[in-house]
Amino acid sequence: MSLTAVTPTTAPAATTAPAARTATRREYLMCPPTHFDVVYAINPWMDPAVPVDRDLARRQWTELRDTYLRLGHTVHLAEPVPGLVDMVFAANCALVVDSQVYGARFQVPVRQPEAPAYRSWFATAGFGAVDPPEYVNEGEGDFAVVGDLVLAGTGFRTDPAAHGEAQEFLGRPVVSLRLTDPRFYHLDTALFVLDDDNVAYYPPAFSTGSRRVLARLFPDAILATEADALVLGLNSVSDGANVVVAQAATDLVAQLAARGYRPVPVDLSELARAGGGAKCCTQEIRR
Ligand code: ARG
C-alpha cells in the first residue's frame, strides 16, 4: 500500500484586518480644575514661573468630560477644594477594584490634604468609610488594572510596600514595576491599559528587569516613541475600544488605529503644565 502524497497547501493568507475591539461602559470620577495652578514644582513638567491659563485648562478639562459622556460613560464629580491646585488629577486619589477603595497617601505634603477630601467623596457615594493606607501611594497614578492583574509603579512616588498592601487589601495579584526616568514619575505617564489583556508603554521609562517583565506579560504590547511619551500620550484612557489619547501623540494614534482601537484625540496641553493628561484627570470606579 502506498502512502498518498500530501499535496502542499498554502497557508491561509495573513489577515490584514485589525481585531475587532469591544467597548465597555465605564464609571469615572473627575474633579473640575477650579483651583488648578502651578505654584510648586514636584515633577520636571512643572514651572511655577510660567502663569497658568486656568480658563483654557477648564475648557480642555470640560471637553475631556464631555468626551466620556459622548462615549456613554458615567462621570461623577468631586468638589474642588480651594488651595489644592493638583486636585484635578483625580487618578491619584485611590485605586478602586471590586468596589473596594484603596485610598491614597500622597508623598508630598502639598498634596496630602487631597486624600481626606476624596475619601469623603467615596464615603458619601456609598462606599463606606475608607481607611487611610499605611504606605505612600498615589492611587491610579501608580496602579493600573489589566484584567485580573494590577500593575504597580515605584521609583518616584509610590512606596513599594504599598504594592504589597494593595495586594492584601484587594485580593488581586500586584506586579511591581520600577520607573527610572523622572519625566515619567508616575506609572500612568509611561503605560496605559488597552483592554483586559494588553497595554501600551514606553520601555525606556522602566528598569531593565521591569522591561523584561512587561515583555513577558505583554508580548503584543504597543510600544510608544519618546516623542509620544513626552506629550503624555501614554496618559490615555481606554474603554476597550475607544482610546482617549493626547492628540499630539501622532505615532501612537496611528498604532492604535492599526490595531483596531478607535483613537479619540483630546488636547489637555494646559494641564500638561502640571505633568498630567487625560488619565491623571480620571479615576476609574470598578464595581
Ligand atoms: N502635579 C501633579 C503631581 O506631580 C501631577 C499628577 C498627575 N497625575 C497622575 N496620575 N500622573 O503630583
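Both counts, for ligands and for their atoms, begin at 1 and track the order of listing. Keep in mind the model is a prediction, meaning the values are calculated, not measured.
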At the 4.0 Å heavy-atom cut-off, does Y185 count as touching ligand 1?
yes

Ion pair present between R58 and E63, side-chain N to carboxylate O less than 4.0 angstrom?
no

Strictly distance-based, threshold 3.5 Å: is any side-chain N or O of E165 a donor or acceptor partner for the main-chain N or O of Y135?
yes

I need the nearest protein heavy-atom contact for atom 12 (O) of ligand 1: residue, atom name and distance, please.
R111 NH1, 2.7 Å

So the atoms of ligand 1 within less than 4.0 Å of a heavy atom of G141 turn out to be 10 (N)

N-O pairing of R172 and D98 below 4.0 Å
yes

Does the side chain of Y40 come under 3.5 Å of the side chain of D86 through a donor N or O and an acceptor N or O?
yes

Which of the atoms in ligand 1, numbered in the order shown and given with their element, are less than 4.0 Å from a heavy-atom of I42?
3 (C), 4 (O), 12 (O)

Short question: side chain of N92, backbone of E138 - any donor-acceptor pair under 3.5 Å?
yes

Going by an N to O cut-off under 4.0 Å, is there a salt bridge joining R286 and E140?
yes

Flag, side chain of R54 to backbone of V52, donor-acceptor distance under 3.5 Å
no

Carboxylate-amine/guanidinium proximity below 4.0 Å for E226 and R183
yes

Which heavy atom of the protein is the closest neighbour of atom 9 (C) of ligand 1, given with residue, atom name and distance?
C280 SG, 2.7 Å

Min N/O separation D86 to ligand 1 under 3.5 Å
yes

For ligand 1, which atoms sit closer than 4.0 Å to a heavy atom of M46?
1 (N)

R157 heavy atom under 4.0 Å from ligand 1
yes

Just by distance, do the side chain of Q107 and the backbone of F156 share a donor-acceptor pair under 3.5 Å?
yes

When you compare ligand 1 with G276, is there at least one nitrogen or oxygen pair between them that comes in under 3.5 angstrom?
no

Suppose I only count heavy atoms of F89 and a 4.0 Å limit; which atoms of ligand 1 are within that range?
5 (C), 6 (C), 7 (C), 8 (N)

Given that the side chain starts at C-beta and the backbone is N, CA, C, O, which of these parts of K279 lies under 4.0 Å from ligand 1, counting heavy atoms, or is it both or neither?
neither

Give yes if a backbone or side-chain nitrogen or oxygen of N235 is under 3.5 Å from a nitrogen or oxygen of ligand 1, and no if not.
no

Atom 10 (N) of ligand 1: nearest protein contact (heavy atom, Å):
D188 OD2, 2.6 Å

